[in-house]
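Working notes, structure below.
This is a predicted model, so every value here is computed, not measured. So you know, we letter chains A, B, ... as the sequences are listed, proteins then strands, and number each from 1.
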Amino acid sequence: MVAGYGFVLPTMVLFVLFVGYPILHTFYLSTAQWSGFGEASFIGLDNFVRAAGDPVVQRAFLLTVGWALATTVLQTALPLVIAAMVAAVPGPVSVVVRTALFMPGIVSFVVSGVLWRLIYDPNFGTLNAAIQKLGFEDFNHPWLGSADSAIPALLVVAVWQGVGMSMLIFFAGIQGIDPGLNEAAMVDGAGVLQRFRHVTLPSLRFVTAIVLALNLMNGFKVFDLIYVMTGGGPNNSTQVLGTYLYGLAFGSASGSVPQLGYASSLSVVVMALCTVAVLFQMRLSRRAGR
Amino acid sequence: MSTPTTSMRTQARAVRWGNSAVLLLISIATVYPFVWMILTSIRESNSVFGGSFFPERITFDAYARVLEFTGFMGHYWNSLWMTTVTCGIVLALSTLCGYAFAKLRFPFKNTLYIALLATLMMPGTALIIPVYLQLRSFGLLDSQFGLILVYASGAAPFSMFLMRAFFESLPDELVHAARVDGAGELSVFLRIVLPLARPGIATVLIFQFLSTWNEFLMANTILQTPEKLPLQPVLFSLQGEYSTDWTTLSAGLTLSAIPVILVYVFLQKQFIAGMTLGAVKS
């Protein structure tokens, strides 16, 4: 019994100091007005009331939710189809494809963000250069610099980085399907698409639930990529909750005075969204597991 | 009977070829940015814009520049040792703790376990403010040690979770037998259990190495002295300083990605097992 506590103690101490207490502290801070120095003043739920009426927060909230839904759909549907295709090609091709598709997933968001900024560069970027070669000679669209194209441009990078992981999970799931099911379907004359629809998809219900929930959670957490590539701009058009609250607390969005209380109230909102994702996962995996 | 089988075989072959072609195209498109990055890093700096896809002359000047002007090696070293120490701490904490949750009995075990797990999905942005304040009150702001503590405590629950799953798969008899021989819990753990846990340990280490090496938000916020910074925040600021010098920028990106790509290529099997297991379990 003593040994049990002894083994667990070091982890628990660090956890309480740097995770557990900070979470509780966030809730406290969200009810305060504080620059980080001097006394914090308790203002009840005013921060949340202010957040609800702040047009930047409204936008950021909708964008965070929209981003999470979009990445979830794209990073679940594409990898599922790709995984099914990978499962049907000869071994060597399969290895090459899996290695290639997973590669973007292992570099940091800073590396991918900086790299894609060069690709999207309006004057010298590879993307515009390629479009110019197709015959549109004065094409120099500022992909990240215009409010209309910034979000789709960011989504492309997120999907580029996220497809590999989900694809591998689906691929592992497909490998686990009883080959007899496919053979039986073939004997019954089912074509490729019918087998995908009636054998592969139903067999992957549980895996799909996991991938959906995982992508949803990661979607709500979005920060690094947007911070690196656009910093929330232009004109707050790519501002998500994470980048906005970070700016309020540590950066430029607050002007000169850090607004730790107001920023913390947004942290609470982010936590709430992530909790929703977890509950969604629990529900989904219970249903999928019958 | 033979006609449908033949047509099916033809169809299967067509599908294999079609799929292969499409997938290889997707693969090329996926890897293209990396190829472009490496090619840019070995170009002459005046041939970046408007030059051909493959550089006409190869030069490593950009690497010399990034090493000379940015203190790159110092930051590289910071990333390397901080990642290594973090991996060590996380490994020690998570094996001990995971083993206790899997095989030992003590009051409130489940409560503690659930408390640890409940926070797994908490994003960094939601914690950065209180963590920053906590470090400040300990006098650990701008301290690499403080940052390592934050990394270790944030990562330990997840690794503990992986290790626990691993230890649970070991038979109870193994532990009982060693106890009957009079070994204390710590020596059972160190001499019997830990050596059997190598695959689990490899998974945890690879996962941890990658996530610590790539971490940006905490490092960028907690450390201020330039000499103390690991690579990611430095790369971020290079983006501003070298915004027109793409060869130097690409050289920096390439250098920073080399360790993770090496780990990925050489330990691909464990790596993918770890990443997918990690993803599925969380």
Side-chain angles (χ1 to χ4, degrees), chain A residues 1 3-5 7-8 10-12 14-15 17-19 22-23 25-26 29 85-86 88-90 93 96-97 100-101 103-104 106-111 114-115 118-119 124 126 160 165 168-169 172 186 192 210 214 217 221 223-224 228 242 245-246 249-250 260 263-264 267 270-271 274 278, chain B residues 4 8 15-16 19-20 22-24 27 30-31 33-34 36-37 49 93 96-97 99-100 104-106 112 116 119 121-131 134 149-150 152-154 156-157 160 185 210 214 216-217 221 232 235-236 239 246 249 253 256-257 260 264 272 275-276 279-280:
Chain A
M1 197 178 114
Y5 282 121
F7 283 22
V8 172
T11 305
M12 286 316 282
L14 272 184
F15 176 79
L17 286 179
F18 293 106
V19 183
I23 289 177
H25 198 187
T26 301
L29 283 173
M85 290 169 75
V86 172
V89 298
V93 180
V96 169
V97 171
L101 290 193
M103 205 164 269
I106 64 169
V107 299
S108 71
F109 287 116
V110 178
V111 169
V114 174
L115 182 56
L118 302 184
I119 293 173
F124 306 111
T126 9
W160 173 73
M165 166 73 81
L168 286 177
I169 300 175
M186 268 165 103
V192 182
I210 289 169
L214 189 74
M217 249 179 276
K221 287 181 184 177
F223 173 82
D224 293 32
V228 170
L245 82 89
Y246 189 75
F250 300 102
L260 298 187
S264 294
S267 300
V270 175
M271 283 192 210
C274 288
V278 171
Chain B
M8 243 172 209
V15 166
R16 255 204 313 276
N19 278 358
S20 298
V22 173
L23 288 172
L24 288 174
S27 302
T30 304
V31 177
F34 291 124
W36 180 81
M37 170 181 88
F49 308 124
L93 293 176
L96 272 172
C97 192
Y99 174 68
L104 301 179
R105 268 191 250 169
F106 49 97
L112 292 178
L116 283 179
T119 57
M121 78 305 175
M122 282 303 154
T125 44
L127 287 177
I128 184 71
I129 296 168
V131 163
Q134 186 79 331
L149 285 182
V150 171
S153 29
M160 176 280 288
E185 289 298 344
L210 189 76
N214 284 345
F216 166 68
L217 171 65
T221 313
Q232 303 304 332
L235 290 173
F236 177 64
Q239 162 173 267
W246 289 15
L249 206 49
L253 295 179
S256 82
V260 286
Y264 171 57
I272 288 174
M275 294 292 283
T276 41
V280 173

Task: B:Gln232 versus chain A, the contacting section by heavy-atom distance below 4.5 Å - done: both
Open item on the list: Counting heavy-atom pairs under 4.5 Å with chain B, which one of A:Ala263, A:Gly242, A:Pro104 comes out on top?
Closed with: A:Pro104
Task: Closest-packed option against chain A by number of heavy-atom pairs under 4.5 Å, given B:Leu23, B:Val31, B:Val15, B:Val150 - done: B:Leu23
Task: Check against side chain to side chain contact (heavy atoms under 4.5 Å, CB included), A:Lys221 and A:Cys274 - done: CA-CA 8 Å; A:Lys221 287 181 184 177; A:Cys274 288; 4.3 Å; yes
Open item on the list: Looking at A:Val110, is its backbone amide N or carbonyl O close enough to the side chain of A:Asp224 to form a donor-acceptor pair, meaning the two atoms are under 3.5 Å apart?
Closed with: no
Open item on the list: Which one wins on heavy-atom pair count under 4.5 Å against chain B: A:Val96, A:Val97, A:Val93?
Closed with: A:Val97
- [ ] Heavy-atom distances under 4.5 Å only: say whether A:Val278 touches chain B with side chain, backbone, both or neither.
- [x] side chain
Task: Aromatic plane relationship, B:Trp36 with B:Trp246 - under 30° parallel, 30 to 60° tilted, over 60° perpendicular - done: perpendicular
Task: Among B:Met37, B:Glu185, B:Gln134, residue most engaged with chain A (heavy-atom pairs, under 4.5 Å) - done: B:Gln134
Open item on the list: Quick check on A:Leu118 against chain B: is it the side chain, the backbone, both or neither that has a heavy atom closer than 4.5 Å?
Closed with: both
Task: Heavy-atom side-chain proximity of B:Ile129 to A:Leu245 below 4.5 angstrom - done: yes
TODO: Would you give the length of the straight line joining atom CE of B:Met122 to atom CE of A:Met217, rounded to the nearest 0.5 angstrom?
DONE: 10.5 Å
Open item on the list: Is A:Met85 close to chain B through its backbone or its side chain, or both, or neither, when contacts mean heavy atoms under 4.5 Å?
Closed with: both
Task: Pick from B:Thr221, B:Leu249, B:Leu235 with the largest number of heavy-atom pairs that fall under 4.5 Å of chain A - done: B:Thr221
TODO: Give the member of A:Val107, A:Val270, A:Leu29, A:Leu260 that has the highest number of heavy-atom pairs under 4.5 Å with chain B.
DONE: A:Val107
Open item on the list: Parallel, tilted or perpendicular, judged at 30° and 60°: which one describes the rings of B:Tyr99 and A:Phe7?
Closed with: tilted
TODO: Under 4.5 Å, counting heavy-atom pairs only, tell me which of B:Val22, B:Val131, B:Leu127, B:Leu116 racks up the most with chain A.
DONE: B:Leu116
- [ ] Check step by step if ring pair (Phe, Tyr, Trp, His ring centres under 6.0 Å) holds for A:Phe109 and B:Phe216.
- [x] CA-CA 8 Å; A:Phe109 287 116; B:Phe216 166 68; 9.8 Å; no
TODO: Go through A:Val228 and A:Val114 one step at a time and tell me if the side chain to side chain contact (heavy atoms under 4.5 Å, CB included) criterion holds.
DONE: CA-CA 7 Å; A:Val228 170; A:Val114 174; 4.1 Å; yes
Task: Side chain / backbone / both / neither for B:Ser256 at chain A, heavy atoms under 4.5 Å - done: side chain
Task: Interface moiety of B:Leu104 toward chain A, non-hydrogen atoms closer than 4.5 Å - done: side chain
